[in-house]
Amino acid sequence: MKNFYITTTLPYVNADPHIGFALEIVQADAIARYQRMLGNDVIFNTGTDEHGLKIHRKALEQGMSTQEYVDGYAVKFGKLKDSLNLSYTHFIRTTDAHHKAAAQEFWKRCEANGDIYKKSYQVKYCVGCELEKTDSELVDDKCPIHPTYEIEMISEENYFFKFSAYQEKLLKLYEQEHFIVPQHRQHEIRAFVERGLQDFSISRLKEKMPWGVPVPGDEDQVMYVWFDALVNYISTLGWPQDEEKFKTFWPGVQVAGKDNLRQQTAMWQAMLLSAQLPASKQIFIHGFITAEGKKMSKSVGNVVAPYDVVEKYGTDAVRYFLLGGLPSYEDGDWSVTRFEEFYTAHLANGVGNLTSRVLTMVEKYSDGNIPPKAEKINFNIRSIRTIEDEFGNEETTIIKNFVDEFWENYETLFKRYSFDFVVQEINNFIASLDFIISEQKPWEKAKIGEDISGLLYQLAEGLRHIGLALLPIIPASAEKILSQLGIDVSTLETLEIESEWGGLLPGTKITKGDMLFPRLEK
RNA sequence: CGCGGGGUAGAGCAGUCUGGCAGCUCGCCGGGCUCAUAACCCGGAGGUCACCGGUUCAAAUCCGGUCCCCGCAACCA
């Protein structure tokens, strides 16, 4: 048994949960569940990023204390666990005392390494707004809200992190193949680092922005939110107090959106190097979700809320679409038509219907008991994937060969985080069973008194494999399939053992349940 | 010359790294079947792989160029 650590990024709590974050956390959940099936001990971390000016301001606007404000959001994000059936083991809030202490210790290590220095720099300031402005916020060097005021230059002393010192080391890190998945993201960040790095500011004046982790040894400054937030990936593991536990789980796998590429694969990695800690093991970068072909935005009002769609379609339908209906590496589109099409084609007509027809046949033709195993039955599986024997004959393979190949592909695709192809592979398996049923016509054979027990066994056993394969994707429905086949999910062995052909015990009583995926109302 | 993604059947996409019969889902047309959730199975129609040029026995794929769309720099993952 190995230890496996996976973490999402922490969503910033200035808005309600977003379907994009639901994608990220469901992907991480599928990976965590898959790793557990392999028999590994898994720590799966998520949480909330709760510091910074934007949050502080929002709380002020809403007339509540900042703590009250973030507490409310922590609850909202925590509810995703039930809503999306998540299996995370750790939920960290960056306002947790142990996290703040860890962030300060991390700071000290970087400082001890000579990577933190104080510098005064110029900021542009609009007196009208009483706020700092970046160049991109200004039009013709004026604040668009207060064009009659002159922008003032004020100078502020902040701490900086020597990002520039890590260019070579980062480039070295990117030589490692598959450090970032997909590959083109690794190329992208490498190109960015090659262009040269600038030290970045990692603190803010406390009098302007009190809502942050105090900088060790300087009463007047708090950490800039990014610096403290990134440390969560290791503070959640008990670093620095529990060095032993930390070492057994770190480095881990990180999941992040493409907007986070620089922070996760460059800044955070440089920070780890500075604190003399191992770099992340691997970082998976997912794309964004558009809504009906358009970018989701609050002002347009087309933001898809995970709670709404779960309420309408159910947890597993949403998980299935997020993982199987969107490209795993690129941007994808959330549209009601596409969602419903996918649901009908693959959940209702696919796995739902297959489960129903297989179980009904076992009921009707085998008194509801799993029949004896077949020695060998030949199936034509040409519609699924052409497998030829040494004579070039396509029709001499039995379902077992097919299953072995299926699990091989399943593993490869899962380890590449190609969830869309994993789901496609499962759908192909389902289609193959549907095809075999049509081809073998068990109802006809039963009518003329032919023995179909071997065939029924293989179909039920095939369904068991589909149930297993679906466990990380749609856990609740997969458990239903398995329990209808008389399998208690809590007694499952590792995937290596369970994926062997023939695990289903003849004589087991099956119990047909309700429809897994009812058809959507037209 | 800021960074990145994309243009493939009516729609949505895969295939491009590593050149080798252009594929998948939905929709459409025709047929089959009754174990199953109006489901399932078979067959069919539908393509200038954005455009121009090059390399090659062979290009959606590699090389050079052109056009167009989208995202990031502003709430928002």
Side-chain angles (χ1 to χ4, degrees), chain A residues 8-12 14-25 49 54 58 133-139 144 182-185 187-189 191-192 195 255-262 285-291 293-304 306 324-327 329-333 335 337-338 340-342 344-365 383 418 420-421 424 427-428 430-431 433-447 452 455-456 459 512 514-520 522:
Chain A
T8 65
T9 55
L10 302 191
Y12 198 62
N14 65 340
D16 284 346
H18 188 281
I19 194 75
F21 180 64
L23 168 69
E24 177 170 321
I25 201 163
D49 181 3
K54 274 193 263 187
K58 273 260 172 108
K133 295 283 166 175
T134 60
D135 284 337
S136 55
E137 288 174 309
L138 300 175
V139 179
Q183 201 177 33
H184 70 261
R185 296 293 172 201
H187 294 161
E188 184 179 346
I189 197 66
F192 169 75
R195 285 195 293 274
V255 183
K258 64 177 187 180
D259 57 324
N260 253 269
L261 182 69
R262 283 182 198 180
I285 304 286
H286 61 81
F288 277 6
I289 302 177
T290 52
K294 295 211 177 82
K295 197 192 156 181
M296 282 187 222
S297 88
K298 282 186 182 173
S299 41
V300 177
N302 64 344
V303 175
V304 176
L326 301 170
Y329 292 171
E330 304 299 340
D331 293 356
D333 189 42
S335 91
T337 315
R338 261 170 54 74
E340 296 192 345
E341 236 177 57
F342 200 75
T344 302
H346 302 300
L347 288 176
N349 298 352
V351 64
N353 183 55
L354 178 73
T355 302
S356 177
R357 64 195 304 206
V358 169
L359 291 174
T360 300
M361 281 193 280
V362 173
E363 266 184 355
K364 279 196 182 169
Y365 305 131
S383 72
S418 290
D420 48 350
F421 282 87
Q424 201 181 88
N427 288 333
N428 285 345
I430 290 163
L433 291 187
D434 273 327
F435 174 77
I436 287 166
I437 295 170
S438 303
E439 199 220 16
Q440 296 291 315
K441 302 183 175 59
W443 56 90
E444 228 167 65
K445 291 179 174 170
K447 222 176 266 174
I452 56 166
L455 173 63
L456 284 185
L459 293 173
K512 200 179 171 214
D514 294 336
M515 258 188 241
L516 282 173
F517 300 104
R519 317 194 69 72
L520 298 168
K522 279 267 168 168

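Naming convention: chains lettered A, B, ... in sequence-line order (proteins, then strands); numbering from 1 in each chain. Since this is a predicted model, take the numbers as computed values, not measurements.
- Closest approach to the A/Gln183 side chain among B/C17, B/C40, B/G12 is made by B/C17 (side chain taken as heavy atoms from C-beta onward).
- For B/A14 and B/A22, the C1' atoms lie 11 Å apart once the distance is rounded to whole Å.
- Taking the P atom of each, B/G30 and B/C69 are spaced 40 Å apart, rounded to whole Å.
- For A/Asp434, the listed nucleotide lying nearest its side chain is B/C40; candidates were B/A77, B/C40, B/U25.
- A/Leu359 comes within 4.0 angstrom of no nucleic acid atom, judged by non-hydrogen atoms across all strands.
- Residue contacts for A/Asn349: at a heavy-atom cut-off of 4.0 Å it reaches the sugar-phosphate backbone alone, with no base atom in range.
- Side-chain proximity of A/Ala345 to B/A77, B/C26, B/C40: nearest is B/C26.
- Of the listed nucleotides (B/C40, B/A77, B/G4), B/G4 has the atom at the smallest distance from the side chain of A/Glu188.
- When distances are taken from the side chain of A/Arg357 to each of B/U37, B/U25, B/C40, the shortest belongs to B/C40.
- In this structure, A/Arg185 atom CZ and B/G71 atom C1' are separated by 10 Å, rounded to whole Å.
- For B/C21 and B/U61, the P atoms lie 14 Å apart once the distance is rounded to whole Å.
- Remark: side-chain polar atoms of A/Arg338 are paired, donor with acceptor, to backbone N or O of A/Gly325 under 3.5 angstrom.
- With hydrogens and angles disregarded, a donor-acceptor distance shorter than 3.5 Å links the side chain of A/Glu24 to the backbone of A/Thr9.
- Checked for salt-bridge contact, A/Glu188 and A/Arg185 meet the test: a charged N lies under 4.0 Å from a carboxylate O.
- Separation of the C1' atoms belonging to B/G65 and B/C70 is 22 Å when rounded to the nearest angstrom.
- A donor-acceptor pair under 3.5 Å is absent between the side-chain atoms of A/Asp420 and the main chain of A/Pro327, judged by distance alone.
- No donor-acceptor pair under 3.5 Å is formed between the side chain of A/Ser335 and the backbone N or O of A/Ala291.
- Taking the side chain of A/Ile437 as heavy atoms from C-beta on, and the options B/G5, B/C35, B/U37, the nearest nucleotide is B/C35.
- Side-chain proximity of A/Lys258 to the nucleotides B/A14, B/A39, B/G71 is greatest for B/G71.
- One can place CZ of A/Phe435 at 18 Å from C1' of B/A39, the figure rounded to the nearest angstrom.
- Rounded to a whole Å, the CD1 atom of A/Ile430 is 13 Å from the P atom of B/U25.
- Residues A/Ile289 and A/Val304 form no side-chain contact, since every pair of their non-hydrogen atoms from C-beta on lies 4.5 Å or further apart.
- Nucleic acid contact class of A/Phe517 (heavy atoms, under 4.0 Å, all strands): base.
- The A/Arg519 side chain lies nearest to B/U37 when the options are B/U34, B/A77, B/U37.
- Looking at heavy-atom distances under 4.0 Å, A/Thr360 makes contact with sugar-phosphate atoms alone, never a base.
- Residue A/Lys54 is classed as a sugar-phosphate contact, given heavy-atom separations below 4.0 Å to backbone atoms only.
- The A/Trp443 side chain lies nearest to B/C35 when the options are B/C35, B/U37, B/A77.
- Using a 4.0 Å heavy-atom criterion, one finds that A/Glu24 contacts no nucleic acid atom at all.
- Nearer to the 5' terminus of RNA chain B, by closest-nucleotide assignment, is the contact made by A/His184 (compared with the other of A/Asp331 and A/His184).
- Proximity of A/Ile430 to A/Asn353: side-chain heavy atoms (C-beta onward) are nowhere separated by under 4.5 Å.
- Among the protein residues, A/Leu516 comes within range of the nucleic acid bases, having at least one heavy atom under 4.0 Å from a base atom.
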Give the dot-bracket string for RNA chain B, reading 5' to 3', where a pair is Watson-Crick or G-U wobble with both distances under 3.5 Å, ( ) marks pairs inside the strand, [ ] marks pairs crossing earlier ones, | marks a partner on another strand, and . marks unpaired.
.(((((((.[[[[.)....(..]]]].(((((.......))))).....[[[[[..)....]]]]])))))).....
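- One P atom belongs to B/G4, the other to B/G47, and the distance between them is 36 Å to the nearest Å.
- A distance-only check finds no donor-acceptor pair linking the side chain of A/Ser356 to the backbone of A/Gly352 [under 3.5 Å].
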